Amino acid sequence: MAERRQFSRIKKRFLVEFQAEGRKCCGFTHNLSPMGLFVCSTYLPKPGTPLSMRVQVPGGKKFTMGVKVVRSYRVPQRLTRFVPSGFSVRFEQAPEEYFQLLARLFRIAA
């Protein structure tokens, strides 16, 4: 199968908090890109669901962003050690500081 990604991803594990169906949920990032990220979580929102998400990076800095779920994926129990369960989101709005963080992680002059 051909790779359809337009942007490369970088694997990083940051705490993620989001509101879904009136309750506070959390998870961890699995990978990051300029267009979105993949969140490992036990709660999997349906594709198309808009979320308000807060990502906490080392040093206590938190980024609040508006996202839309584009894919949810639950892995069979026997594969959870090898493939992450979670969901992918696309940014609807993200702060400039997030993109500066990505530039540092990808080692691009910012």
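Computed from a predicted structure; not experimentally measured.
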Visitor: Membership question, hydrophobic clusters at under 4.5 Å side-chain separation (ILVMFWY): are Ile10 and Val16 in the same one?
Guide: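 In one cluster with Val16: Ile10, yes.
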Visitor: Please round to the nearest 0.5 Å and tell me the distance separating atom OG1 of Thr29 and atom CE of Met53.
Guide: 10.0 Å
Visitor: Return all side-chain donor-acceptor pairs below 3.5 angstrom for residues 89-98, not counting sequence neighbours, or 'none' if the list is empty.
Guide:
{"from": "Arg90", "atom 1": "NH2", "to": "Glu92", "atom 2": "OE2", "distance (Å)": "3.3"}
{"from": "Tyr98", "atom 1": "OH", "to": "Ser33", "atom 2": "O", "distance (Å)": "3.2"}

Visitor: Go through the steps to decide whether Arg74 and Ser85 satisfy the test side-chain contact (heavy atoms from CB on, under 4.5 Å), and finish with yes or no.
Guide: CA-CA 5 Å; Arg74 184 174 310 277; Ser85 284; 4.2 Å; yes
Visitor: Measure the CD-CD distance between Gln56 and Glu17 for me, rounded to the nearest 0.5 Å.
Guide: 7.0 Å
Visitor: CG of Leu37 to CZ of Arg9: how many Å apart, nearest 0.5 Å?
Guide: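 Here the rounded value is 9.5 Å.
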Visitor: Just how far is it from atom SG of Cys25 to atom CZ of Phe18, taken to the nearest 0.5 Å?
Guide: 4.5 Å
Visitor: So, is the end of the Arg71 side chain (NZ or CZ) under 6.0 Å from the ring centre of Tyr73 and within 45° of the ring's axis?
Guide: yes
Visitor: I'd like to check the side chain to side chain donor-acceptor pair (under 3.5 Å) partners of Tyr43; sequence neighbours left out, ordered by chain and number.
Guide: Glu21
Visitor: Any link between Val70 and Leu44 through a network of hydrophobic side chains (Ile, Leu, Val, Met, Phe, Trp, Tyr) touching at under 4.5 Å?
Guide: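 No.
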Visitor: Which distance, rounded to the nearest 0.5 Å, do you find between the CZ of Phe38 and the CZ of Phe87?
Guide: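 Phe38 atom CZ to Phe87 atom CZ measures 8.5 Å (nearest 0.5 Å).
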Visitor: For the residue pair Cys26 and Ser41, what are the closest heavy atoms and their distance?
Guide: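 Taking every non-hydrogen atom into account, O-OG, 3.3 Å.
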Visitor: Quick one: side chains of residues 59-67, donor-acceptor pairs under 3.5 Å with protein atoms, not counting sequence neighbours, listed by atom name and distance.
Guide:
none

Visitor: I need the minimum non-hydrogen distance between Pro84 and Val75, along with the two atoms involved.
Guide: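 The answer is O-CG2, 3.4 Å.
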Visitor: Should Phe99 and Phe106 be regarded as members of a common hydrophobic cluster, given that ILVMFWY residues are connected when their side-chain heavy atoms come within less than 4.5 Å of each other, either directly or indirectly?
Guide: yes
Visitor: If you look at every heavy atom in Phe14 and Pro58, which pair is closest and at what distance?
Guide: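 Here Phe14 and Pro58 meet closest at CE2-CD, 3.3 Å.
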Visitor: If I take atom CG from residue Asn31 and atom OG from residue Ser88, how far apart are they, to the nearest 0.5 angstrom?
Guide: 7.5 Å
Visitor: Is there side-chain contact between His30 and Lys11, with heavy atoms separated by less than 4.5 Å?
Guide: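 A side-chain contact under 4.5 Å exists here.
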Visitor: Cluster question for you: counting only ILVMFWY and a side-chain heavy-atom cut-off of under 4.5 Å, with indirect links fine, are Val57 and Leu102 together?
Guide: yes
Visitor: Taking all non-hydrogen atoms of both residues, which atom of Leu51 and which atom of Ala20 are closest, and how far apart?
Guide: CD2-CB, 4.3 Å
